Chemist: 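Take a look at the following structure, please.
So that the names make sense, note that chain A is the first sequence line, chain B the second, and so on, each numbered from 1. Just so you know, these numbers use all the heavy atoms, side chains as well, and skip hydrogens, waters and symmetry mates. Only a predicted model underlies this, so the values are computations on that prediction, with no experimental measurement involved.
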2 protein chains.
Amino acid sequence: MVSKPNDVSGDALIAALSALSNPHRLRVIAVLADGRQYVSQLAREMNMSRPLLTVHLRKLEAAGLVNGSLELSEDGKAMKFYELAQFEIVLTPETLAEAAKTLSGGGSDV
Amino acid sequence: MVSKPNDVSGDALIAALSALSNPHRLRVIAVLADGRQYVSQLAREMNMSRPLLTVHLRKLEAAGLVNGSLELSEDGKAMKFYELAQFEIVLTPETLAEAAKTLSGGGSDV
DNA sequence: TTCATGTGTAAACAAAAGCTTTCATGAGGT
DNA sequence: ACCTCATGAAAGCTTTTGTTTACACATGAA
């Protein structure tokens with residue numbers, strides 16, 4: 001089969017949708033759309049606690065929507081930068097029905 | 001501004017994504033893609049309890065993804081039919097950043 | 001050393017979602 | 001009268017998610 005825009009497993013799709021269905025995480029996406037940023041600075045800009053932001057970033061990363069990389073600044077500090085992944089997910093009754101077929105557990109019952 | 005494919009408020013988008021990020025509800029979409037159906041029959045086909053299915057259908061309806069209508073069968077029984085709504089939601093960094101701007105609470109902080 | 005910056009993670013609590021069970025309704029067929 | 005099939009809704013429990021507070025470590029500068 002030819003690869004389509006959102007050729008992901010049902011489980012992966014659910015992970016992505018789950019990750020995106022949260023105001024904080026949606027705002028994170030919006031801020032990262034302006035460029036990559038490191039955690040502490042991002043936390044300041046968004047006015048939220050760093051541990052909380054960390055959790056949200058992890059969820060976004062697990063869903064493959066952002067990518068993190070640990071880097072070192074000039075003055076030797078470890079900084080974790082996050083940037084947006086490239087993705088395009090199209091949700092229609094058809095694409096969703098397709099995704100549902102690949103859910104772990106089979107087609108109709110388990 | 002011209003209406004785009006997913007010209008919905010950030011809150012509405014989150015409701016839709018939240019509704020779709022569930023295996024049961026994704027399967028409901030898949031089954032309804034084959035045609036409208038009433039609750040009890042749907043529950044049997046999907047092998048899940050009717051009260052549970054009802055809750056999921058409500059959530060899908062609240063998100064505007066399905067539509068329900070109460071009808072009467074030939075033998076006078078009240079039957080609640082659900083059918084898919086037509087929708088197309090495109091998720092990219094850009095569309096999500098747009099949606100984030102319209103979240104209840106403003107742009108960066110509350 | 002002390003203070004600032006950056007990182008990570010664990011503990012504990014609050015809130016929301018998911019699911020089952022139970023009860024109550026109404027109509028038609030036997 | 002009683003059974004079947006359809007609806008709706010509330011109570012209660014379990015699990016997951018969200019959030020804060022607090023702690024630990026490493027670096028460079030004063």
Side-chain angles (χ1 to χ4, degrees), chain A residues 10-11 14-29 36-63 65-83 100 103-105 109-110, chain B residues 11 14-29 36-63 65-83 103-105 109-110:
Chain A
D11 294 331
I14 284 185
L17 298 182
S18 180
L20 292 174
S21 59
N22 175 289
H24 283 338
R25 291 192 287 267
L26 210 52
R27 285 201 191 93
V28 169
I29 297 282
R36 64 205 300 272
Q37 192 54 275
Y38 66 97
V39 182
S40 289
Q41 177 60 22
L42 198 54
R44 278 190 292 267
E45 286 181 14
M46 302 188 59
N47 199 33
M48 80 168 81
S49 78
R50 192 170 53 78
L52 179 57
L53 178 58
T54 298
V55 172
H56 287 312
L57 284 170
R58 289 256 174 81
K59 190 150 189 174
L60 286 170
E61 187 173 28
L65 301 170
V66 304
N67 292 109
S69 65
L70 191 61
E71 302 178 11
L72 284 137
S73 67
E74 298 177 349
D75 50 348
K77 282 170 191 154
M79 304 167 87
K80 181 122 191 195
F81 275 85
Y82 278 93
E83 64 187 347
L103 282 173
S104 53
D109 63 7
V110 185
Chain B
D11 295 330
I14 284 185
L17 299 182
S18 180
L20 292 174
S21 60
N22 176 287
H24 284 337
R25 291 194 287 268
L26 210 52
R27 286 200 190 93
V28 168
I29 297 282
R36 62 206 302 272
Q37 191 55 274
Y38 67 98
V39 182
S40 289
Q41 178 59 22
L42 198 55
R44 278 189 293 266
E45 288 181 13
M46 302 188 61
N47 198 33
M48 81 168 79
S49 77
R50 190 174 54 77
L52 179 57
L53 176 59
T54 298
V55 172
H56 287 313
L57 284 171
R58 290 256 173 82
K59 190 150 189 173
L60 286 170
E61 187 172 28
L65 301 170
V66 304
N67 292 109
S69 65
L70 191 61
E71 302 178 12
L72 285 137
S73 67
E74 297 177 350
D75 52 347
K77 281 168 191 153
M79 303 167 87
K80 181 122 191 195
F81 276 84
Y82 278 93
E83 64 187 348
L103 282 173
S104 52
D109 63 7
V110 185

Chemist: Rounded to whole Å, please give me the gap between CG in B/L42 and P in D/dG8.
Modeler: 13 Å
Chemist: Please state whether the phosphate of C/dG6, meaning OP1 or OP2, lies under 4.0 angstrom from any side-chain nitrogen or oxygen of A/K80.
Modeler: no
Chemist: C/dG6 C1' sits how many Å from A/L70 CG, rounded?
Modeler: 10 Å
Chemist: Check whether any side-chain N or O of B/R50 sits under 3.5 Å from a backbone N or O of B/A43 as a donor-acceptor pair, and report yes or no.
Modeler: no
Chemist: Please round to the nearest 0.5 Å and tell me the distance separating atom NZ of A/K59 and atom OG1 of A/T54.
Modeler: 15.0 Å
Chemist: Going from CG on A/N22 to OG on B/S21, what distance comes out if it is rounded to the nearest 0.5 angstrom?
Modeler: 10.5 Å
Chemist: State the CZ-CG distance between A/R36 and A/L42, to the nearest 0.5 angstrom.
Modeler: 12.5 Å
Chemist: What is the distance, rounded to the nearest whole Å, between atom CG of B/L72 and atom C1' of C/dG28?
Modeler: 13 Å
Chemist: Along nucleotides 14-30 of chain D, 5' to 3', which nucleotides get a B, which get an S, and which get a -, given that the test is a protein heavy-atom distance under 4.0 Å?
Modeler: ----SSBBB----SS--
Chemist: Return yes if some donor-acceptor pair links the side-chain N/O of A/E61 with the main-chain N/O of A/G68 below 3.5 Å, else return no.
Modeler: yes
Chemist: For the side chain of B/V39, counting heavy atoms from C-beta on, which of D/dT7, C/dT9, C/dG6 is nearest?
Modeler: D/dT7
Chemist: Using whole Å, what does the distance between atom C1' of nucleotide D/dC5 and atom CD of B/Q37 come to?
Modeler: 14 Å
Chemist: Rounded to whole Å, please give me the gap between CZ in A/F81 and P in C/dG8.
Modeler: 13 Å
Chemist: What is the distance, rounded to the nearest whole Å, between atom CE of A/M79 and atom P of C/dG8?
Modeler: 12 Å
Chemist: A/R44 has a side chain; which of D/dA6, C/dG6, D/dT7 sits nearest to it?
Modeler: C/dG6
Chemist: Hey, could you give me the CG/CG distance between B/L65 and B/L17, rounded to the nearest 0.5 Å?
Modeler: 9.0 Å
